[in-house]
Chemist: 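Please find one structure pasted underneath; my questions will follow.
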Amino acid sequence: MDHKLIGKDFVVTDIEAKVTGRAKYVEDFRADGMVFCKSLTSPIPHAKIRSIDTSAALKMKGVLGILTADDVPQFPPPAQGIFAKDETFYVGEPILAVAAESEEIAVAAIEAIKIDFQELPHVVDPLESLFPGGPNARSGGNVAAGQIKLQTVKWDGADFATAGETKLPLGRPAEEWSYGDIDAGFKKAKVIVEENFVTATYSHNCMEARSAFAYWQGGKCFLYGSNQSHTAAIANISRYIGIKPDQLVFLAEFCGGGFGSKIPGYPNMAIAALMSKKINRPVMHRISRHEEYGIGSARPGFQGYVKMGFAANGKMVAADLYVVQESGPMATAGDFRAAGGALTLLYQPDAVRFRTVPVLTNTVPVGAQRGPGENQFVSVIEPMIDQAARQLNMDRIDIRIINAPDSDGKIGQDRGPLTSAFQKDALAKLKILGNWEERKKRSGQKNGTKVTGIGIGQGFHSAGSNGFDGLVRITTDGKLHIHTGVGNLGTHSHYSTARVAADLLNVNWENAIVERGDTRRGLPFNSPQAGSLTASTQSRTMYAAAMDMKDKLTDIAAQMLGGKPEDYVLGDEKVVSKSGGKSITYQQAAQKAVQLGGKYSGKEVPDELNPITKSAVAMIVGTGLIAAAKDKLPRVGTTPGLTCNLAEVEIDTETGVVEIKECFSVVDVGTVLFPLGLGHQIASGQILGIGMAHLERHIYDPKLGIPAAMGFHQSKVPTYLDIPPNIQWQAVEKPDPHHPLGIKGVGEPALGSGASCITSAIADALGGHLFNRTPVSADMILNHLSGRPPAHKPLQVNTV
Amino acid sequence: MSDADSNKTEPGQPSLRTTRRSFIKGVIVSGVAVSAVGYVVYERTARRPAAGAVERLITLNVNGRDRRVDVAPHETLAYTIRNKLGLTGTKVSCDRAECGACTVMLDGVTSYSCSTLTQSVRNRKIVTIEGIAGPTGGLHKVQQAMIDELGPQCGFCTSGQVVSAVALLNRNPKPTQDEARRGMSGNLCKCGAYDHYLKAVMRASQEA
Ligand code: FES
Ligand code: FES
């Protein structure tokens with residue numbers, strides 16, 4: 001089909017606000033009577049809270065109120081609560097908040113509060129907690145995540161003794177699954193790669209900290225929050241505040257970075273809301289960079305073991321993976337499971353065993369970060385695939401092509417189907433784009449003190465969902481209003497997906513108005529803006545709404561001009577009879593809809609719509625022709641977003657500095673929706689992948705459990721100086737058949753392939769040496785080159 | 001603009017109007033010094049300085065205009081421009097001279113306003129993101145290039161990136177790509193939009 005808007009570049013509607021500074025983020029709002037609150041946060045990693053004395057603080061002039069755990073909804077442990085109650089689990093955990101006329105007074109009041117802590121043993125390394133007699137991060141246990149209930153798991157001393165210092169002890173897992181016969185697989189394997197690995201935990205470091213601003217009016221809570229999703233977060237935010245979803249007016253027009261840490265809202269949002277309710281004033285709760293480190297989430301690190309067997313042709317015949325996840329003190333991340341999924345999807349092994357234990361630690365709460373689980377996995381596994389290729393004397397891209405999924409590929413323990421996969425095509429294209437045959441000859445070439453490495457990396461994340469509600473409206477002035485509740489993470493997909501509705505309805509983009517950012521604009525229940533979901537999911541949601549609108553337009557035309565709806569087609573903002581001659585404008589149709597009422601004006605809506613969508617329609621009922629429809633289009637299987645990258649690096653053997661010279665990427669994302677935006681996701685994925693591969697990590701004082709990498713500088717986020725000069729990319733451009741327009745997402749896998757091409761390239765420059773650790777820092781490289789042992793123990797985490 | 005005077009505080013009620021219009025930037029009319037809402041440390045109003053103390057009521061030249069403003073001795077420039085002059089385009093992210101979100105120009109040279117004392121810039125020409133656009137309100141070529149190249153992602157670092165890029169091109173109108181990335185390297189972007197920002201700087205450098 002020939003599209004006017006889909007697949008075309010455009011000027012993103014809200015971009016001018018960003019380049020002029022007019023875009024308003026939470027801290028930019030003000031209200032008369034606005035006051036401030038600050039949180040008192042835990043100074044120690046694990047303690048009982050024996051008593052809190054706020055009497056002196058409450059007497060201070062200008063102090064307006066104190067909010068503690070007793071004032072806020074409670075969630076069963078080990079969920080992340082709003083405030084610590086009775087026990088605190090990490091440095092930086094909010095314990096209470098003080099509201100005052102100024103932040104200065106609030107800070108002084110916090111100084112005047114006395115808390116009696118009883119220190120408890122803390123732990124920042126999962127293996128220490130699993131050691132017999134090792135400390136638990138919580139009184140209730142040391143293992144939990146999602147369906148794995150809070151429990152205490154200690155491994156046998158013998159597990160540790162057998163493993164020694166270099167290997168992961170393989171004690172009792174909390175979860176285990178397998179398919180196929182791995183023993184038989186390993187027996188017939190020509191080459192076996194068996195390694196232990198570590199990936200570091202590192203902060204999300206959103207540039208906009210999670211400040212919140214709230215006030216109450218007419219029984220409703222008006223909350224300005226920094227959130228990447230919009231309507232998908234309403235239910236959860238309401239739960240934190242303890243109100244019904246229709247009592248929340250949620251305003252989130254811009255979000256200064258989320259990376260997975262701001263998907264369904266977060267507990268901290270409730271502080272401004274509940275404080276405002278308590279003291280009856282608008283409350284601004286600004287979060288400092290230090291506070292953001294504590295509550296701003298982090299990608300959980302892994303300590304792992306993997307054994308992979310390859311047949312002579314390179315096929316992975318068996319794989320055994322064990323992942324110990326550093327889970328922080330709350331059960332907030334399921335990355336470990338995604339690692340198992342990535343193994344089954346990317347290499348399609350004949351047999352797999354997966355074991356895992358998510359261990360609680362007295363470090364900051366962790367959570368999904370761009371490619372949660374898959375990206376930790378590929379960053380250490382992809383260089384091992386190169387090792388297998390070397391041992392088999394195979395081309396490093398060919399071994400990946402042999403194992404890569406096609407559309408008949410399977411995923412997970414249940415060997416579930418895929419909607420489409422063209423990773424083999426992507427890898428083949430990467431060879432051409434990256435001039436592979438010539439380039440690979442430079443592997444290991446020396447130039448003075450520099451040595452060249454060429455690396456390949458892959459990325460995967462499920463990248464499409466369905467079942468959400470679309471809402472579009474033509475008002476009586478003839479304009480198309482596209483209501484979108486996906487939020488604005490900064491990927492520009494809130495607009496690129498809105499254009500799908502305009503495209504399908506033949507509306508000029510200038511005549512389309514995107515309604516977003518404020519629930520009072522009538523925002524339907526849409527996909528979270530997360531997990532590479534939006535481009536695929538929201539475009540099919542828009543498709544569903546546009547088809548409903550099309551049906552209603554032709555229906556109204558038939559009512560006005562005679563004949564049957566099938567006699568009409570959509571023209572240029574007109575409904576035209578197929579036989580020619582007769583037509584009505586969209587404006588006329590909208591005016592007629594208001595007269596007709598019923599399903600045309602939004603008075604009647606399909607019962608299957610989500611309550612959030614129904615209340616959105618109620619806000620705009622009678623203002624034009626309204627189409628609200630649930631996406632019931634078929635989709636069977638996982639929709640994989642797949643990427644592969646090639647990097648050329650130069651390592652300075654005297655300094656250990658890695659210079660990234662060139663990067664190429666090919667992506668399997670189905671139909672390309674917005675080329676410029678896609679390119680931006682690919683490039684930023686490569687750049688953040690560089691951060692993951694050789695820069696960013698958490699550091700804690702091993703004795704005190706105090707974090708030591710709280711700022712941007714210490715946590716080493718990538719800068720302009722870390723990036724390659726030119727990132728080139730192409731798309732496979734094969735549509736996904738389970739999507740009406742063939743679109744799949746890309747956000748997460750782009751970072752995974754971006755990280756793993758760098759770790760692979762570093763290994764390649766060093767003759768295939770595997771560090772089996774992210775980030776690979778300059779000192780690790782130097783120690784290796786000079787024959788010194790590494791400065792850390794092989795499985796040590798968080799303290800190196 | 002504020003219509004704060006129409007706010008009536010009922011006893012026990014928040015001092016708040018019932019429309020969104022009450023959510024306004026703290027825009028202050030030029031020439032009138034107003035003490036804005038009280039963030040950390042700066043809530044005290046102007047008073048007559050004690051002998052030897054710093055004069056609090058000072059004049060700042062911001063975006064070509066003289067502004068009278070009440071400034072505490074330890075107040076940062078980011079605080080003053082965001083909260084007293086109502087120029088919220090300047091962002092604060094790290095508040096400790098690490099990220100560049102708060103970048104402004106002082107006499108044409110970039111500076112981290114979060115780590116600059118307002119009292120120290122009395123005689124300097126301060127340019128914030130709001131002063132980058134042309135006098136007729138048209139976009140600066142850097143801003144236009146950032147739109148054309150899809151520079152920003154989330155946008156939180158963008159004000160600082162734009163100010164740094166303008167300052168860079170003012171002193172080096174035709175930078176090489178390497179010079180450009182060195183010139184911009186004081187500005188972090190956690191979205192990783194560097195590649196597109198750099199393309200925008202290079203594009204702007206090619207415009208007349
Ligand atoms: S906010 Fe000033 S440098 Fe980060
Ligand atoms: S665009 Fe988000 S921090 Fe730069």
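Per chain, numbering begins at 1; letters A, B, ... match sequence-line order.
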Chemist: Can you name the salt bridge (Lys or Arg N to Asp or Glu O under 4.0 Å) partners of E659(A), sequence neighbours left out?
Modeler: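 Here the qualifying residues are K661(A).
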Chemist: Sort L188(B) into side chain, backbone, both or neither according to what part of it lies under 4.5 angstrom from a heavy atom of chain A.
Modeler: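 For L188(B), backbone and side chain are both near chain A.
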Chemist: Which atoms of A133(B) are under 4.5 Å from chain A, going by heavy atoms: the side chain, the backbone, both sets, or neither?
Modeler: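 No part of A133(B) comes within 4.5 Å of chain A.
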Chemist: So which of L150(B), I129(B), V92(B) has the biggest tally of heavy-atom pairs under 4.5 Å with chain A?
Modeler: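 Answer, by heavy-atom pair count under 4.5 Å with chain A: L150(B).
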Chemist: So what's closer than 4.5 Å to chain B heavy atoms on F10(A): side chain, backbone, both or neither?
Modeler: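 Nothing of F10(A), per the 4.5 Å heavy-atom cut-off to chain B.
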Chemist: Could you tell me the separation between the CD1 atom of I687(A) and the OH atom of Y194(B), rounded to the nearest 0.5 Å?
Modeler: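 So the gap between those two atoms works out to 8.0 Å.
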Chemist: Return the set of residues passing salt bridge (Lys or Arg N to Asp or Glu O under 4.0 Å) with K190(B) (not counting sequence neighbours), or none when no residue passes.
Modeler: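 Checked K190(B) against salt bridge (Lys or Arg N to Asp or Glu O under 4.0 Å); matches are E696(A).
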Chemist: Could you work out, with salt bridge (Lys or Arg N to Asp or Glu O under 4.0 Å) as the rule, every residue matching K220(A), not counting sequence neighbours?
Modeler: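 For K220(A) there are no salt bridge (Lys or Arg N to Asp or Glu O under 4.0 Å) partners, ignoring immediate neighbours.
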Chemist: Assess whether atom NZ of K125(B) is packed by more than 12 heavy atoms of other residues, nucleotides or ligands within 6.0 Å.
Modeler: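 Open.
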Chemist: Would you please classify the geometry between the F156(B) ring and the Y25(A) ring as parallel, tilted or perpendicular, with 30° and 60° separating the classes?
Modeler: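 Y25(A) and F156(B): perpendicular rings.
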Chemist: Check this for me: H713(A), atom NE2, are more than 12 non-hydrogen atoms of other residues, nucleotides or ligands nearer than 6.0 Å?
Modeler: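 Incorrect, the count does not exceed 12.
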Chemist: Taking every non-hydrogen pair under 4.5 Å, which of G685(A), P718(A), A209(A) racks up the most with chain B?
Modeler: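 The answer is P718(A).
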Chemist: Roughly how far apart are Y720(A) OH and M184(B) CE, rounded to 0.5 Å?
Modeler: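 Reported value, rounded in 0.5 Å steps: 3.5 Å.
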Chemist: Nearest 0.5 Å please: distance from the CD atom of Q153(B) over to the CG atom of L489(A).
Modeler: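 Rounded to the nearest 0.5 Å, the CD-CG separation comes to 8.0 Å.
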Chemist: Test your reading of the model: is there a side-chain donor-acceptor pair from R289(A) to the backbone of R96(B), 3.5 Å cut-off?
Modeler: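 No, the answer is negative, given that no donor and acceptor are paired below the 3.5 Å cut-off.
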Chemist: Does any N or O in the side chain of E130(B) come within less than 3.5 Å of the main-chain N or O of G21(A), such that one atom is a donor and the other an acceptor?
Modeler: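 Checking the backbone N and O of G21(A) against the side chain of E130(B), no donor-acceptor pair under 3.5 Å is found.
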Chemist: Where does D178(B) contact chain A at under 4.5 Å (heavy atoms): side chain, backbone, both or neither?
Modeler: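 Neither part.
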Chemist: Does anything in residues 161-170 of chain B reach chain A? List residues with heavy atoms under 4.5 Å apart, or say none.
Modeler: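 The list, in residue order, reads Q161(B), V162(B).
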Chemist: Tell me, with the steps shown, if S93(B) and E208(A) meet side-chain hydrogen bond (donor to acceptor under 3.5 Å, both in side chains).
Modeler: CA-CA 6 Å; S93(B) 180; E208(A) 184 193 21; over 6 Å; no
Chemist: Please rank V35(A), L688(A), D14(A), I727(A) by heavy-atom pairs under 4.5 Å with chain B and give me the top one.
Modeler: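 The residue among V35(A), L688(A), D14(A), I727(A) with the greatest pair count is L688(A).
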Chemist: Between D95(B) and chain A, with a heavy-atom cut-off of 4.5 Å, which part of the residue counts as in contact: side chain, backbone, both or neither?
Modeler: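 Looking at D95(B), nothing touches chain A.
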Chemist: In this structure, are over 12 heavy atoms from other groups packed under 6.0 Å from K199(B) atom NZ?
Modeler: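 Enclosed.
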Chemist: Does any heavy atom of chain B fall under 4.5 Å from the side chain of F259(A), the backbone, both, or neither of them?
Modeler: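 For F259(A), side-chain heavy atoms alone lie under 4.5 Å from chain B.
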Chemist: What part of T719(A) lies closer than 4.5 angstrom to a heavy atom of chain B: side chain, backbone, both or neither?
Modeler: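 Both backbone and side chain.
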